[in-house]
Amino acid sequence: MEDYYTETRAYFTLFGEDFPLEEFTREMGIIPTEAYRKGEEFIRGKTKHIRFETAWEYGLDYKMTNDPEEQIHTIVNTLYNSSEIIKKYVDHYNLKCKLVTVVCFNREPTRRLVMNNKAIEFANQVNGEFEFDIYNSAD
């Protein structure tokens, strides 16, 4: 039995001033895990905020694992064949995109964090960036 020491979450986000979320979702054929428009109100904690951008996100919830890159590779595999659609929107609406991995390390060692060639190729195709949010939860 394997012990898991790392909690990870990963998502892809496409964001910018404004773009047609419903049209993009239809072309992708993938339901986003979150989507919102610039100017929408939302509550964080007890405070009301206003969205400063329009965004479409597809992601996976937190998971305990010793392979922190597993989730981002799953997302890339899901989106890989849609890279031309994503790039079309990036170019036409002057959007940005990121592949984000949130890693919460515990005290115990965890194996490496590696982006495979397919993930790197996908990011290059859509003119995207990798972002790593790394936390150390020392109990």
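- Checked by atom type and distance alone, the side chain of T78 pairs as donor or acceptor with a backbone atom of T74 at under 3.5 Å.
- With contacts defined as side-chain heavy-atom distances shorter than 4.5 Å, the pair K38/D18 does not qualify.
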Side chain to side chain contact (heavy atoms under 4.5 Å, CB included) assessment of T54 paired with L21:
CA-CA 8 Å; T54 297; L21 292 171; 3.8 Å; yes
Verify side chain to side chain contact (heavy atoms under 4.5 Å, CB included) between V102 and T8, making sure each step is shown before the conclusion.
CA-CA 5 Å; V102 181; T8 64; over 6 Å; no
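- Note on ring orientation: taking the six-membered ring where Trp is involved, the planes of F19 and Y93 are tilted (angle from 30° to 60°).
- To the nearest 0.5 Å, atoms SG (C97) and CD (E129) are separated by 8.5 Å.
- Looking at E27 and K88, a side-chain N of the basic residue comes within less than 4.0 Å of a carboxylate O on the acidic one, giving a salt bridge.
- If you chain together hydrophobic residues whose side chains sit under 4.5 Å apart, Y11 and F15 never meet in one group.
- Side-chain contact check for V103 versus T6: some heavy-atom pair is nearer than 4.5 Å.
- For K63 and E7, the salt-bridge test fails: no basic side-chain N is under 4.0 Å from an acidic carboxylate O.
- Grouping the Ile, Leu, Val, Met, Phe, Trp and Tyr side chains by contacts below 4.5 angstrom, directly or via other members, places Y62 apart from I134.
- Atom OG of S82 and atom OH of Y89 lie 11.5 Å apart (nearest 0.5 Å).
- A heavy-atom distance below 4.5 Å is not found between the side chains of E131 and L99.
- Hydrophobic cluster membership is shared by V90 and I120, with clusters built from Ile, Leu, Val, Met, Phe, Trp and Tyr side chains linked at under 4.5 angstrom.
- Using a distance-only test at 3.5 Å, with no hydrogens or angles considered, a donor-acceptor pair links the side chain of T33 to the main chain of E57.
- Atom CD of E84 is surrounded by 12 or fewer heavy atoms from other residues, nucleotides or ligands within 6.0 Å.
- The number of heavy atoms from other shown groups lying within 6.0 Å of CG (N117) does not exceed 12.
- Using a 3.5 Å distance cut-off with no hydrogens or angles, the side chains of T13 and W56 do not pair a donor with an acceptor.
- A continuous path of hydrophobic side-chain contacts links I85 to L14 [ILVMFWY only; heavy atoms under 4.5 Å].
- Residues L95 and Y36 are members of separate hydrophobic clusters, defined by side-chain heavy-atom contacts under 4.5 angstrom among Ile, Leu, Val, Met, Phe, Trp and Tyr.
- One finds no salt bridge joining E70 and R9 here, because no Lys/Arg side-chain nitrogen approaches an Asp/Glu carboxylate oxygen to under 4.0 Å.
- Judged purely by atom type and a 3.5 angstrom limit, Q71 uses its side chain to pair as donor or acceptor with the backbone of D61.
- Centroid-to-centroid, the aromatic rings of F12 and Y58 stay 6.0 Å apart or farther.
- Note that the CG atom of N94 and the NE2 atom of H92 stand 11.0 Å from one another [nearest 0.5 Å].
- I43 CD1: more than 12 foreign heavy atoms inside a 6.0 Å radius.
- Of the charged side-chain nitrogens involved, none lies within less than 4.0 Å of a carboxylate oxygen, so that E53 and R37 do not count as a salt-bridged pair.
- With a 4.5 Å cut-off on side-chain heavy atoms, F130 and K98 do not count as touching.
- More than 12 heavy-atom neighbours from other residues, nucleotides or ligands sit within 6.0 angstrom of CD on E34.
- Contact annotation: the side chain of I30 approaches that of L79 to within less than 4.5 Å [non-hydrogen atoms, C-beta and beyond].
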Show your working on side chain to side chain contact (heavy atoms under 4.5 Å, CB included) between F42 and K48 and close with a plain yes or no.
CA-CA 6 Å; F42 69 102; K48 186 188 296 186; over 6 Å; no
Could you walk me through whether Q125 and K87 pass the side chain to side chain contact (heavy atoms under 4.5 Å, CB included) test, one step at a time?
CA-CA 7 Å; Q125 287 174 354; K87 181 68 169 127; over 6 Å; no
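- Residues I72 and V100 come closest through the heavy atom pair CD1-O, 3.7 Å.
- Judged by distance alone, the side chain of N116 and the main-chain N or O of K118 form a donor-acceptor pair under 3.5 Å.
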